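Encoded as structure tokens, the structure appears first; notes follow it.
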Amino acid sequence: MLTLDEVCLDYGAFRALDRLSLAAAEGALVVLLGANGAGKSSIFRAVSGLHRLAAGRISLGGRDLAGVSPAGVVRAGLVHCPEGRMLFPAMTVEKNVRLGAYVHRRDRAGVKRGLDEVMAMFPVLAEKRHQPAGSLSGGQQQMVALGRALMGRPKVLLLDEPSLGLAPLVVRQMFDAVAAVNRRGTTVLLAEQNAHAALGIASHAYVVEGGRIVLDGPPDALRNDDRVRRAYLGG
Amino acid sequence: MRAAARGRDVLFFQQVLNGLTIGCVYALVALGLTLVYGILRIPNFAHGALYTVGAYAAFALIGRLGANFWLALAGAAAVSAGLAVLSERLVFARLRAAPPLHDMIAAIALLLFFEAGVQAVFGAGFFRIAPLFPQILRFAGLTAPAQRILIVGAAFALMAGLHLFLDRTWTGATIVASAQNRTGAALVGIDADRVSMLTFAISGALAAVAAVLFAPIALLSPAMGELVITKAFVIIILGGMGSVAGAIAGGLVIGFAESFGAFYVSTDFKDIIAFGLLTLILSVRPQGLFGRIAR
């Protein structure tokens, strides 16, 4: 569904991704593990068109994404739910979520249906739908971000650190939601530092270090790998 | 005694109306400036030239082509909107990766370029556009020039329209969303270039409408936009850079302050009042009177 082939990405003189290749099959839930600054967010920025590649190829369902704008990538069916959430803080919760459907805006009934689904998925958002998104707690803002991303009807969803800074109970709720989205057929790429929880729902995992893939395999194999245990699973 | 009190009331009403008129003109100009700043972080000094060009475009449409006032108003709005979009495409879009200072220098250059253009075509002299309604309205012993009522009515209608557009339409939401989080807007599929062009077009049209409405009261000259744009900057600093409500409120505050200041203090001080208020308010509230739409 999504493949990265020998992708390089530079921030000025700094090479953030170095001939990195990975693939996510249709319907997969692929987890990217790695420390801060390993390159997980750079992979997402490259795929969603926020940052131009220095070299390499990215293709989505056979279509080359080179030079496609972020808006074009969304229209092609790939939605990036970024680290830091990037909400519209002064807009209401409902407007934030609704704007996620911007590329489908002409399908009014579909937008309404999507909004109802998101509100059913996260009932707390329904209660706060008329409050500014910036006034919500971190966990609730993450729900808004995920809801907004789902409104874009992604075939492939990129989720960057959805558990960052959240209370354990909310993390659990977030992972349940991600697993549910994946079960309904959406291909998911999930970047996480919370390796335990992420490997629990993954179908395949990659370990990113220094802008390269250093290890990959099914979650069970990674869980039993010494390096992964030491670095990400706390011994 | 009673006649004197009555006279004071009439004069007071006169100042309210004057303040409201000039405040509306300032608010329309400041709205465009604050929208562009809110989304692109460009302090568009050339906005004052869009005001000037709008007035001259209407003057030419009426004087040389015999257009009526409304047609000239629409034509002027289109001309200024077009020039605004062109300056965005040809100048500001190319400077997006450059340091912010370059935007500022380019904006000042555009201001001088447009002013010189107006002077080359129309000369340095003063012109006047005849008011659409030269009548004086009388009501309950008060008098009001109809043109001033037209300015206030049209300005408030435009502001209400702009508010509905930003608040209720998908296209308007793309502007507000881009002002609050550019990356977030790109990631939901909003085309940043389209939003930039649209915002510049709206700002140009608003400046032109303000200029044409006000032209029958003021005079046309190539430098007519300079004082207006300087005050519009004062207004958006007061109102919070990027705040729509702040631009409207700030415009009215400055309008009233000037009108009452000129009457009760001295006309000589009229143009200093805005800058005095700026100093005073910023020393108390450095963030301006309102927060901005972006955070």
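Everything numeric here is computed off the predicted structure, so don't read it as measured data. Lettering of chains follows the sequences in order, A, B, ..., and the numbering in each one begins at 1.
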**Fill in**
Highest number of heavy-atom pairs under 4.5 Å with chain B among A/Met91, A/Arg148, A/Lys95, A/His80 belongs to A/Met91
Could you look at [X] and say if it's the side chain, the backbone, both or neither that has a heavy atom under 4.5 Å from chain B?
| X | value |
| --- | --- |
| A/Arg105 | both |
| A/Leu50 | side chain |
| A/Arg98 | both |

**Pair A/His104 + A/Tyr102: ring centers closer than 6.0 Å** = no
**Message:** Within the 3.5 Å criterion, strictly below it, is a donor on A/Thr92 or A/Gln131 matched to an acceptor on the partner's side chain?
**Reply:** no
**Message:** Would you say A/Asp64 and A/Ser59 are linked by a side-chain donor-acceptor pair, where the criterion is simply a distance under 3.5 Å?
**Reply:** no
Check: residues 194-207 of chain B side-chain donor-acceptor pairs under 3.5 Å, at least two apart:
{"from": "B/Ser196", "atom 1": "OG", "to": "B/Ala192", "atom 2": "O", "distance (Å)": "3.0"}
{"from": "B/Thr199", "atom 1": "OG1", "to": "B/Val195", "atom 2": "O", "distance (Å)": "2.6"}
{"from": "B/Ser203", "atom 1": "OG", "to": "B/Phe200", "atom 2": "O", "distance (Å)": "2.9"}

**Asked** Sequence neighbours excluded, which residues qualify as ring-ring contact (aromatic ring centres under 6.0 Å, His included) partners of A/Phe88?
**Response** none
**Side chain, backbone, both or neither of B/Asp167 within contact of chain A (heavy atoms, under 4.5 Å)** = both
